[in-house]
Student: 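The structure follows.
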Amino acid sequence: MLPSSILGRKAPALFRTLGQQPIRAFSCAAGDASASNRRLLIFGAPGSGKGTLAGWLGRDLNAPTQADVEPCTASAPGLTALSSGDLLRAEMRAGTPLGQSVEALINSGGLVPDDDMVKLIAGQLAAMDGSNWLLDGFPRTLGQAMALDEVLTSLTPSRQAPIDYVIHIDVPSEVIVERIAGRLIHPGSGRIYNRTFSPPKVPGVDDLTGEPLVSRVDDDPESVRRRLELYAQTSQPILDYYMDRGIVGRFTGPTSDAIYTTLLPQIQEILAPTVVLPSAEDLTCAATAHQVSA
Ligand code: AP5
Ligand code: MG
């Protein structure tokens, strides 16, 4: 097995030259997955398209491949997206103590206290350790960013860096308010639609489940104004925190579609080295994978 210091730096040539499909890794891999998985953040203003883009990445990077039908062949590495807002809305729907205590705050556009957020996210991170993941909406304060580092370092002390990459979505503020006004969500899954930009096939109904779509309570103009203000006050120190490490990629454009054309290849490139292989048995797998992808 390759040492974890190599994994996550540069994949060996054998694995980088598998056909022209750099996003492929190996489903038959063995190794310390929690030290080589990719940990990404998506960061941007309310309504900048974080949830939309995270959803598209999850969809495209988790597409079924040959590996799903043949064991020991190449497969997409996958990316699990986790939205802090979706988690909080699920708590509110379930009427948990946390959901009840934060409901008024969220609906008015305020921020949930750091301690509650860190506890909520830390529980999820432990479960996701070992897979590639993307956090949407966390951290939102410098305190959360520092706490996240601590949680991740304690989860996997062997890693060189707690976070690998931060996607910074930078969208002109004038388009944001209009976008949010048209947003509809499917409460059960968090799937996002927009009345004009990406309407459901049947008005008011989720494409996959047929269940009703709703507007978010915190999407009323006054709450949106407060959320944008809070973002303006809190975002720069967080960006600076990660920019000092050289791990921030800024993506800007008039639409999520335009941003996605540069975002997707970048994330594919970042996920590509999540190859955990070579034992003798693994090399057999690699040969098979090469034939499949060539
Ligand atoms: P959260 O759910 O994270 O909300 P947010 O950060 O305010 O971001 P949004 O979900 O509103 O926007 P988005 O960037 O995901 O945009 P989307 O893709 O939907 O958090 C909600 C609340 O929870 C917070 O206010 C806070 O109270 C609390 N909270 C969460 N995390 C917290 C934390 N860490 N600490 C403390 N409190 C926390 O797109 C927006 C709209 O634009 C959609 O309608 C979409 O369809 C549309 N759209 C997307 N792309 C385009 C396009 N190209 N053209 C036109 N429309 C488009
Ligand atoms: Mg969102």
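We count ligands from 1, going down the list as the structure has it; atoms in each ligand are counted the same way.
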Student: May I ask you to identify the nearest protein heavy atom to atom 16 (O) of ligand 1, giving residue, atom name and distance to one decimal place in Å?
Tutor: G49 N, 3.2 Å
Student: Looking at R89, which atoms of ligand 1 are within less than 4.0 Å of one of its heavy atoms?
Tutor: 2 (O), 21 (C)
Student: Just to confirm my output: which protein heavy-atom neighbour is closest to atom 28 (C) of ligand 1, and how far is it?
Tutor: L88 CD1, 3.5 Å
Student: Any atoms of ligand 1 less than 4.0 Å from a non-hydrogen atom of Y193? List them with their elements.
Tutor: 44 (O), 46 (O)
Student: What protein heavy atom is closest to atom 53 (N) of ligand 1, reported as residue, atom name and distance in Å?
Tutor: S256 N, 2.8 Å
Student: Under 3.5 Å, is there a donor-acceptor pair linking the side chains of T255 and R179?
Tutor: no
Student: Identify the two heavy atoms, one from P212 and one from P187, that lie closest to each other, and give their separation to 0.1 Å.
Tutor: O-CD, 3.7 Å
Student: Can you confirm whether D206 sits close enough to Y193 that some side-chain heavy atom of one is under 4.5 Å from a side-chain heavy atom of the other?
Tutor: yes
Student: Taking only heavy atoms of A45, which atoms of ligand 1 are found under 4.0 Å from at least one of them?
Tutor: 14 (O)
Student: Would G47 count as a polar contact of ligand 1, with the cut-off being nitrogen or oxygen pairs under 3.5 Å?
Tutor: yes
Student: Does S256 reach the side chain of W56, with side-chain heavy atoms less than 4.5 Å apart?
Tutor: yes
Student: Using heavy-atom distances only, which candidate in G51, G137, G110 approaches atom 27 (O) of ligand 1 most closely?
Tutor: G110
Student: Could you verify whether a donor N or O on one side chain and an acceptor N or O on the other, from N132 and T80, lie under 3.5 Å apart?
Tutor: no
Student: Any nitrogen or oxygen of D219, main chain or side chain, under 3.5 Å from a nitrogen or oxygen of ligand 1?
Tutor: no
Student: Of the side chain and backbone of I106, name the one, both, or neither that has a heavy atom under 4.0 Å from an atom of ligand 1.
Tutor: both
Student: Return the residue, atom name and 0.1 Å-rounded distance of the protein heavy atom closest to atom 46 (O) of ligand 1.
Tutor: N194 CB, 3.2 Å
Student: Is the distance between the ring centroids of F43 and Y231 under 6.0 Å?
Tutor: yes
Student: Restricting to non-hydrogen atoms, name the atom on L152 and the atom on P162 that form the minimum distance, rounded to 0.1 Å.
Tutor: CD1-O, 3.5 Å
Student: Suppose I only count heavy atoms of S84 and a 4.0 Å limit; which atoms of ligand 1 are within that range?
Tutor: 30 (C), 31 (N), 32 (C)
Student: Using distance alone, decide if ligand 1 has a nitrogen or oxygen within less than 3.5 Å of any nitrogen or oxygen in D218.
Tutor: no
Student: Could you check atom 18 (O) of ligand 1 against the protein and tell me its nearest heavy-atom contact, residue, atom and distance included?
Tutor: T52 OG1, 2.6 Å
Student: I'd like to check whether R216 has a polar contact with ligand 1, where a contact means an N/O of the residue lying under 3.5 Å from an N/O of the ligand.
Tutor: yes
Student: Please indicate whether D115 has more than 12 foreign heavy atoms, meaning atoms of other residues, nucleotides or ligands, lying under 6.0 Å from its CG.
Tutor: no
Student: Geometry only, no angles: is P254 polar-contacting ligand 1 at N/O separations under 3.5 Å?
Tutor: no
Student: Is any side-chain heavy atom of D164 closer than 4.5 Å to a side-chain heavy atom of I247?
Tutor: no
Student: Among all protein heavy atoms, pick the one closest to atom 37 (N) of ligand 1 and tell me residue, atom and distance.
Tutor: V112 N, 3.0 Å
Student: Whether the S131 and N37 side chains hold a donor-acceptor pair (N or O, under 3.5 Å, no angle test) is what I'd like checked.
Tutor: no
Student: Is it the side chain (CB and beyond), the backbone, both or neither of R183 that lies under 4.0 Å from ligand 1, heavy atoms counted?
Tutor: both
Student: Just wondering, do L208 and K201 contact through their side chains at under 4.5 Å, heavy atoms?
Tutor: no
Student: Under 4.0 Å from a heavy atom of P46: which atoms of ligand 1 are those, numbered in the order shown and with their elements?
Tutor: 5 (P), 7 (O), 8 (O), 12 (O)
Student: Measure from atom 1 (P) of ligand 1 to every heavy atom in K50, R191, R140, R227 and give the option owning the shortest one.
Tutor: R140
Student: Given I42, which of I267, I167, L135, V166 fulfils the side-chain contact (heavy atoms from CB on, under 4.5 Å) condition?
Tutor: I167
Student: Within a 6.0 Å radius of atom CD on E178, are there more than 12 heavy atoms belonging to other residues, nucleotides or ligands?
Tutor: no
Student: Number the atoms of ligand 1 from 1 as they appear, then name those within less than 4.0 Å of a heavy atom of I192, with their elements.
Tutor: 18 (O), 19 (O), 43 (C), 45 (C), 46 (O)
Student: Is any N or O atom of D136, backbone or side chain, closer than 3.5 Å to an N or O atom of ligand 1?
Tutor: no
Student: Who's closest to atom 51 (C) of ligand 1 heavy-atom-wise, of F197, Y260, F43?
Tutor: F197
Student: Please indicate whether any nitrogen or oxygen in S83 is less than 3.5 Å from any nitrogen or oxygen in ligand 1.
Tutor: no
Student: Find all atoms of ligand 1 within a distance of less than 4.0 Å from any non-hydrogen atom belonging to T255, and give their numbers and elements.
Tutor: 53 (N)
Student: Can you find a pair of side-chain heavy atoms, one from F251 and one from Q266, that are under 4.5 Å apart?
Tutor: yes
Student: So if I count the atoms of ligand 1 from 1 in the order they appear, which ones are less than 4.0 Å from some heavy atom of Q144?
Tutor: 33 (C), 34 (N), 35 (N), 36 (C)
Student: When you measure from the centre of the six-membered ring of F197, is the NZ or CZ of R195 closer than 6.0 Å and no more than 45° off the axis?
Tutor: no
